[in-house]
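Report on the structure given below.
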Amino acid sequence: MSLEIRSLSFAYKKNQPVFEGISMKVEKGEIVSVLGPNGAGKTTLFKTILGLYKAYQGQVFVNGRDVSNSSRRELAKEMGYVPQNHAPPFPYSVIDVVLMGRTAHVNNYSAPSEQDYQVAKEAMENLNILYLADKIYTEISGGERQLVLIARALAQEPKILIMDEPTSNLDYGNQIRLLSHVKRLADQGLSIIMSTHHPDHALYCGGKAIMLKDGQILCSGNTDEVITEQNLRTIYGIDVEIANAEIKNGKLHKICIPVVA
């Protein structure tokens, strides 16, 4: 399953584009990290790819098929979305929140079937959070809520997962645990696009990276080639050093270190 974006452009107001001419391709089992400063258009780009916003130029293809010819229900079966924040108006149980991901598979006015419950539980089990099933979503921790949102997206049984800053508001431990889940899901064949403000997270996940600046792609390619001192200085306006750290197994891992004047 591949996702291809060709020359995608979007604007809220005429002659004021949020982003222009965005092109990228994500193959099966690949992780693509999208980096850029606040206001670079990352969230808007994701919502345009998902069909929530209408592009004024360009196309999105899933497995070679133009998604503009697909219904919202059909798209939900192909692409899952994990937003930055989610605050439900009612105190749903965790299993009910995950079951919301089955909407595209349930007929109108029908109740979830036993199979829907099974798929939801498998999604939770995949993320090691089945123990939360009967908990109240609004009463669990931020890290647990983020994993529940991913489980909800997985319950859609998508081929592509789009994640908007999935580690935002998480403590360090939960950030790394979540990124480990992301890598494992990609190893299982899921195509993943995620935005992040942390170059180290993109380096940790590997795969490919894209840097956005002023609504356009500054650079794209393999993560090690994109996340460089010069590129980070260009998009964030700060000096950094990319260093190699030796980890326990003797392998070298790149890390990003800010240079303090």
Side-chain angles (χ1 to χ4, degrees), residues 1-11 17-36 40-83 101-107 119 122-123 126 149-164 166 181-196 202 205-212 215-226:
M1 176 64 68
S2 65
L3 172 69
E4 184 176 4
I5 294 98
R6 299 181 188 171
S7 302
L8 203 64
S9 302
F10 174 84
V18 177
F19 59 81
E20 284 188 292
I22 302 295
S23 297
M24 71 171 82
K25 190 169 185 179
V26 188
E27 300 290 355
K28 179 180 179 181
E30 190 170 56
I31 299 173
V32 176
S33 299
V34 181
L35 296 93
K42 300 184 294 296
T43 297
T44 305
L45 171 62
F46 286 177
K47 290 184 177 181
T48 306
I49 292 171
L50 290 159
L52 301 174
Y53 293 163
K54 184 175 177 58
Y56 71 80
Q57 183 179 319
Q59 295 169 292
V60 178
F61 296 88
V62 174
N63 255 14
R65 187 181 66 179
D66 190 335
V67 300
S68 64
N69 299 321
S70 302
S71 67
R72 187 64 59 83
R73 180 182 289 266
E74 289 171 332
L75 285 178
K77 293 178 181 179
E78 303 287 359
M79 294 188 284
Y81 178 49
V82 180
R102 297 299 298 165
T103 301
H105 300 270
V106 178
N107 293 328
V119 171
E122 287 175 359
N126 196 10
L149 291 181
I150 297 173
R152 183 183 67 174
L154 293 179
Q156 293 176 220
E157 298 183 295
K159 310 299 186 300
I160 299 158
L161 187 59
I162 297 177
M163 310 175 74
D164 195 358
H181 284 305
V182 168
K183 291 177 68 174
R184 186 163 53 80
L185 291 171
D187 288 341
Q188 293 172 1
L190 200 61
S191 303
I192 297 174
I193 309 175
M194 70 172 191
S195 62
T196 179
C205 288
K208 294 181 179 178
I210 290 173
M211 286 189 176
L212 294 180
Q216 296 184 326
I217 292 180
L218 173 70
C219 54
S220 63
N222 292 332
T223 303
D224 287 344
E225 299 170 352
V226 170

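All values below come from the heavy atoms of this structure, side chains included, with hydrogens, waters and symmetry mates left out.
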Considering only distance and modelled atom types, tabulate donor-acceptor pairs under 3.5 Å from the side chains of residues 182-190, sequence neighbours left out.
| residue | atom | partner | partner atom | Å |
| --- | --- | --- | --- | --- |
| K183 | NZ | Y204 | O | 3.4 |
| R184 | NH1 | N126 | O | 3.1 |
| R184 | NH1 | N126 | OD1 | 2.8 |
| R184 | NH2 | N126 | O | 2.5 |
| R184 | NH2 | H181 | ND1 | 2.7 |
| Q188 | OE1 | N126 | ND2 | 3.3 |
| Q188 | NE2 | N126 | OD1 | 3.4 |

Euclidean distance, [Y] [atom2] relative to [X] [atom1], rounded to 0.5 Å:
| X | Y | atom1 | atom2 | result |
| --- | --- | --- | --- | --- |
| L149 | Y81 | CG | OH | 10.5 Å |
| S220 | L35 | OG | CG | 12.0 Å |
| K42 | I193 | NZ | CD1 | 14.0 Å |
| F61 | N69 | CZ | CG | 9.0 Å |
| S7 | I5 | OG | CD1 | 11.0 Å |
| I192 | I31 | CD1 | CD1 | 5.0 Å |

I'd like to check the side-chain hydrogen bond (donor to acceptor under 3.5 Å, both in side chains) partners of [X]; sequence neighbours left out, ordered by chain and number.
| X | result |
| --- | --- |
| T44 | Y12 |
| S195 | D164 |
| Q216 | none |
| E122 | Q118 |

Seminar exercise, completed: Taken in chain and number order and not counting sequence neighbours, the residues that satisfy salt bridge (charged side-chain N to carboxylate O under 4.0 Å, His left out) with K47 are none

Seminar exercise, completed: Across all chains, not counting sequence neighbours, the salt bridge (charged side-chain N to carboxylate O under 4.0 Å, His left out) partners of E20 are none

For this session: Scan residues 55-76 for pairs that pass salt bridge (Lys or Arg N to Asp or Glu O under 4.0 Å), counting only residues two or more places apart or in two chains.
Result: R65-E78

Using the side-chain contact (heavy atoms from CB on, under 4.5 Å) criterion, which residues pair with [X]? Sequence neighbours excluded.
| X | answer |
| --- | --- |
| T223 | A202, L203, A209, I227 |
| L75 | V67, S70, M79 |
| E30 | V26, E27, V32, K208 |
| E225 | N222 |

Heavy-atom closest pair, residues [X] and [Y]:
| X | Y | answer |
| --- | --- | --- |
| V82 | A153 | CG2-CB, 3.9 Å |
| K77 | A104 | CE-O, 3.3 Å |
| Y56 | P17 | OH-CB, 3.8 Å |
| C219 | V226 | SG-CG1, 3.7 Å |
| F46 | M194 | CZ-C, 4.0 Å |
| A55 | T48 | CB-CG2, 3.7 Å |

Exercise. Short question: side chain of Q57, backbone of S9 - any donor-acceptor pair under 3.5 Å?
Worked result: no

Exercise. Is a donor on one side and an acceptor on the other found under 3.5 Å between the side chain of K25 and the backbone of S2?
Worked result: no

Problem set entry | Sole residue of L218, L45, I217 in side-chain contact (heavy atoms from CB on, under 4.5 Å) with I210 | I217

